[in-house]
Amino acid sequence: MENASGTYDFTAFENRWQSFWKEKATFQTAPLNCGRPKYYVLDMFPYPSGAGLHIGHPEGYTASDILARYKLAQGFNVLHPMGWDAFGLPAEQHAIATGESPAIQTQRNIDNFRRQLQMLGFAIDWQRELATTDPGYFRWTQWIFLQLFRQGLAYVSAKPVWFCPALGTVLANEEVLSMEVWHCPALQKDLLDSEVVVTKTGATSKVGNHPVTSLGKQPRSERGHHPVERRPIRQWVLRITAYAEKLIEGLDALDWPDSTKRLQKNWIGKSEGAEVTFALEGHTDSLTVFTTRPDTLFGATYMVIAPEHPLVTKITTTAQKSAVESYLEVVKNKSDLERTDLADKKKTGVFTGAYAINPVNGAKIPVWIADYVLMTYGTGAIMAVPAHDERDWEFAKEFKLPIIQVVGADAEVDVQKAAWTEDGPMVNSGPFNGLSSLETKKKITADLAARGLGKSAVNFKLRDWLFSRQRYWGEPFPILWIKPADYACIPADAAIREFLPAQPVPCTIEGQEFYAVPLTSKQLPLTLPAVKSYQPSPTGDSPLSKATEWTEVWYDLATGQTVSQTQPAPGPLWVKASRETNTMPQWAGSCWYYLRYIDPTNQNALASTEALKYWGCPDFYIGGAEHAVLHLLYARFWHRFLYDIGVLPTAEPFQKLFHQGLILGEDGEKMSKSRGNVVNPDTIVKEHGADALRMYLMFLGPLEASKPWSSEGISGITRFLRRLWRLAVDENTGGVSTKISAQAQESEDLVRELHRTIQKVEKDIETLQFNTAISQMMILMNVAEKSPSLQRSTVETFVQLAAPFAPHVCEEIWARLGHTGSITQAAWPKFDPAKLVESSVEIIFQVNGKVRATAKVAKETSKEALLALARAHPDVQKFLEGKTLVKEVIVPGRLVNIVVAG
RNA sequence: GCCCAAGUGGUGGAAUGGUAUACACAUCAGACUUAAAAUCUGCCGCCGCAAGGCUUACCGGUUCGAGUCCGGUCUUGGGCACCA
């Protein structure tokens, strides 16, 4: 090697090896027919923000990189790709502020992210790099959407949704957080809970000691924490609820953190119960409710319908009309903020004047309206059983409604004092008295079903997925709107039937009805037009709505081709059409990117069947726990859908999932600009090198734990890497260390520690316990350094073990030891179990469980001999004098415990 | 309120029911050096002169033996939140 200086000069060799890997395409994935088993390691791809790489990125990426390099050394064909989740709000906000196209800014950010990732030496196949903003990529995002559209899983709704004025777009429920907001009069400023230190006596702001007052919990946007409000806006919605059951079932077989599985299960929120129909006195309409407690039907003392329930106006009596109207007015004016304010759960409501008939006993019970019943869940109506439901109980107390106990042993339960929500034998329930709740549930449901007044039913908390954003910088929908009359003229053999749903998807725009028609796969991708301004309109419409040359087109009902309306209609089947101006949310592109890595340039399919068959799904997926419901649920939905329509061979995308913990600032707080505790990877690499950063991130603690960064702690790793360097390289000559020789005598201790290290590093990489793998390498270092001479193979093995963690310095040492190829091409070391065996072991002698002495003995020493040794030991005898023997415990190879009394 | 996870030296952390504090960081003391950096050596949970005693958030239990298993309490962090 030219210029072989003996000093540990990481800037020189880190650059050199990064160029080497690039030139030799060291980490390029082998072709499908290479005959090697595959291993697919996936990182959650980053959003390329203007701020550059966060220190949390290299944490997860180093973990997966160690795994990838380890599997490579074991002979696997490893796929370890990287790409960019490049559509998103910050680029668009930048565009609004500067007028610069988001595409340009995004490209700049991607280049910076790529530079930073390459600087860290990740074993990534850069030939497979992808960006969700690339038309060659989002062509298939649009294609998947059209498949959903064709299967009737995409529809348009104009129900109220969360709208964020600051971001100028709607947000999915999942993108809205409930946050405590505080006001600080001294600073004339509102603060979020994360910015306020709450003390026992009240709250004080973190700056100075200014008093603050709580403004209560408010809904805020997850991104930017801006205020959000409810607005009715026309939206595309994906019917994820149709997959609720499958999404729950699929979780069972996955090797995921239990907490994440539980989170998804709770989010989907399956409830089993019954629908029960109540007749309404004096009305032909009836009222159907959903309940999980049909067993408590005899205890129903009133009914509640949501304020938005369609029966509200129908059943309200004239006497109650004004009271109901004023209540509805109050509810309407109640900001959503107040309605969801959880600090104040005081029940409000109003009587409709109407009565329902309980189908089991004919009892006449009043129907109320209350906003604690949600129109969006179940049937928007409930039967209230105050004795056995806390919310109903509170309401009954508030409005002095009767509370009738139907479950539980009467002696211990007082339902006038609190609701009893446990199970128990039935009382006051006619023929069901004495039966268990469980039996009663089944029997009552069956009885009602026989009379046509009920059936068992399942409900989910999961809502359909709000899939459109009023933005420019997203995938355009490959959809146009035409008049129903034109829709009726679509020829039977039209190419657009490729994606045409069985039922038209309607939508009302400015009082006129339109039907949605798709482009064909030939017209994909539909790319974004250039626009003059990225500013969203105050009405909440997308900036695309102003690009009328693009939106107003002639549409060919046969082929799906389009021509701008600035030109005359090209033919008789060409009808006036308006393009959909919303764009898809950022989640769309991240729903399926792991599939595209498999076959990133395929023009005919999202990936070829052969490639999908060989690579399957990622064997390992690592990313932050913040995506536990959003990304991971959406991606599972799309994957399962593509499986159901025969596009994919597997039902679930991610078999094994891992969440790395957060890297906190040195103060133990979450890193943030405002706290000034942000650690920049560029700075660390400059000062300590990429190897040190990688290894230190892994040494900080368990991968899954949140742990604070320490700028001092990294020196321990730097020292270790320098010691590794000196173990192999002579600092004066730059050649092989003079300690290394063929005749080197190595102690039994050193050989055993080497094999122990091979064993532990291998096991710890498999189980992602990198911190302890590094500790073991340090232990080996402490032993190896003391050895006057070393075998070449010992040093080589050591360097190989460290290579996945600190690849640059290990490549450099490997080369100095005389190898020409990359260290990753050398086979992973194997340990010899025979070398792990110790001839003698240390035995501990205990008296009453306390260690009093130790002794080094031959491994096979018998129980009797051990006991004799223990009893003879003076430090043991001291504690036996004058005591009576109770018991003797002897664990060969470990300990002797003598139990005495008195 | 409900669900979950975690509490071990000054700090990050380690520990198949079997010597708690491995491995590091920091501090301190020393060696080398004209000096600094780098490097190396040693000490390093608490009380105690010592013998010894105490110690894994707290209280109790199981066990010859508990950081580890069981029950309860407290604290911190995360998730959900009127979902019938």
Side-chain angles (χ1 to χ4, degrees), chain A residues 7-8 178 217 257-260 262-267 269-271 273 289-293 296 304 306 339-342 344-347 370-374 376-385 388-392 394-395 459-463 625-626 628-629 659 661-662 664 666 668 670 696 699-702 704-720 722-723 726 731 769 771-782 785 842-854 878 886-891 893-900:
Chain A
T7 51
Y8 174 88
S178 167
K217 291 228 173 180
D258 279 340
S259 57
T260 304
R262 210 177 302 115
L263 225 59
Q264 290 215 347
K265 231 172 214 167
N266 291 346
W267 188 264
K270 181 179 179 177
S271 295
V289 301
F290 172 72
T291 177
T292 53
R293 296 295 304 271
T296 62
V304 186
R339 205 170 155 179
T340 54
D341 186 2
L342 307 152
D344 178 25
K345 283 194 185 172
K346 198 167 141 62
K347 298 286 181 287
D371 67 354
Y372 81 92
V373 170
L374 308 174
T376 45
Y377 185 78
T379 60
I382 63 158
M383 64 174 207
V385 185
H388 305 291
D389 181 284
E390 279 166 21
R391 296 149 301 181
D392 297 347
E394 281 169 29
F395 190 82
N459 259 297
F460 297 94
K461 277 202 270 188
L462 183 71
R463 303 295 149 83
E626 66 273 19
V629 276
H659 298 306
L662 287 178
L664 306 170
E666 290 208 65
K670 208 168 164 173
Y696 184 56
F699 186 63
L700 270 178
E704 68 277 14
S706 287
K707 54 240 163 204
W709 174 261
S710 158
S711 52
E712 283 176 333
I714 194 170
S715 59
I717 293 295
T718 300
R719 259 173 230 159
F720 171 78
R722 285 175 188 274
R723 287 161 77 192
R726 285 198 304 270
E731 286 194 284
Q769 292 167 293
N771 55 329
T772 50
I774 296 168
S775 295
Q776 181 58 42
M777 287 192 273
M778 288 172 167
I779 291 169
L780 174 61
M781 175 65 75
N782 290 340
E785 264 183 342
E842 197 180 46
I843 302 291
I844 57 171
F845 297 152
Q846 299 180 324
V847 178
N848 287 348
K850 288 202 162 76
V851 181
R852 297 303 178 183
T854 62
K878 248 192 324 197
V886 175
K887 193 174 183 177
E888 291 159 334
V889 182
I890 305 145
V891 184
R894 279 207 179 274
L895 59 82
V896 176
N897 186 13
I898 301 169
V899 185
V900 291

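Numbered from 1 within each chain, the chains take letters A, B, ... in sequence-line order.
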Q: When we call it a touch if two heavy atoms are under 4.0 Å apart, what does A:Glu390 touch: a base, just sugar-phosphate, or nothing?
A: nothing
Q: Considering every strand and a 4.0 Å limit on heavy-atom distances, what is the contact class for A:Asn848: base, sugar-phosphate, or nothing?
A: nothing
Q: Taking any heavy-atom pair under 4.0 Å as a contact, classify A:Arg894: base, sugar-phosphate, or nothing.
A: base
Q: Indicate, with a heavy-atom threshold strictly under 4.0 Å, whether A:Ile844 touches base, sugar-phosphate, or nothing.
A: base
Q: Touch check for A:Arg852, heavy atoms < 4.0 angstrom, all strands: base, sugar-phosphate only, or nothing?
A: sugar-phosphate
Q: Scan A:Lys878 against the nucleic acid and name what it touches under 4.0 Å (heavy atoms): base, sugar-phosphate only, or nothing.
A: sugar-phosphate
Q: Under the rule for side-chain hydrogen bond (donor to acceptor under 3.5 Å, both in side chains), what residues qualify as partners of A:Thr854, not counting sequence neighbours?
A: none
Q: Could you state the CG-P distance from A:Asn897 to B:G17, rounded to the nearest angstrom?
A: 18 Å
Q: Taking the same atom, C1', in B:C23 and in B:C58, what whole-Å distance lies between them?
A: 30 Å
Q: Under 3.5 Å, which N/O atoms of the protein pair with N/O atoms of nucleotides 41-49 of chain B?
A:
none

Q: Scan A:Thr376 against the nucleic acid and name what it touches under 4.0 Å (heavy atoms): base, sugar-phosphate only, or nothing.
A: nothing
Q: So what does A:Gly269 touch, heavy atoms closer than 4.0 Å: a base, only the sugar-phosphate, or nothing?
A: nothing
Q: Scan A:Phe699 against the nucleic acid and name what it touches under 4.0 Å (heavy atoms): base, sugar-phosphate only, or nothing.
A: base
Q: Counting any heavy atom closer than 4.0 Å, what does A:Lys461 reach on the DNA or RNA strands: base, sugar-phosphate only, or nothing?
A: base
Q: A:Ile382 near the nucleic acid: base, sugar-phosphate alone, or nothing, with a heavy-atom cut-off under 4.0 Å?
A: base
Q: Quick one: sort the A:Phe395 and A:Tyr372 rings into parallel, tilted or perpendicular, breaks at 30° and 60°.
A: tilted
Q: Which helical stems does RNA chain B take part in, if a stem means at least 3 consecutive Watson-Crick or G-U pairs with both distances below 3.5 Å?
A: B:1-7 with B:74-80, B:10-12 with B:23-25, B:28-31 with B:39-42, B:45-47 with B:52-54, B:57-61 with B:69-73
Q: Once you apply a heavy-atom cut-off of 4.0 Å, does A:Asn266 come out as touching a base, just sugar-phosphate, or nothing?
A: nothing
Q: Under 4.0 angstrom, heavy atoms only, what part of the nucleic acid is A:Asn782 near: base, sugar-phosphate, or nothing?
A: sugar-phosphate
Q: Quick one: label A:Leu895 by what it contacts on the DNA or RNA (base, sugar-phosphate, nothing), any heavy atom closer than 4.0 Å.
A: base
Q: Of the nucleotides B:C64, B:C25, B:A24, which has the atom closest to the A:Arg723 side chain?
A: B:A24
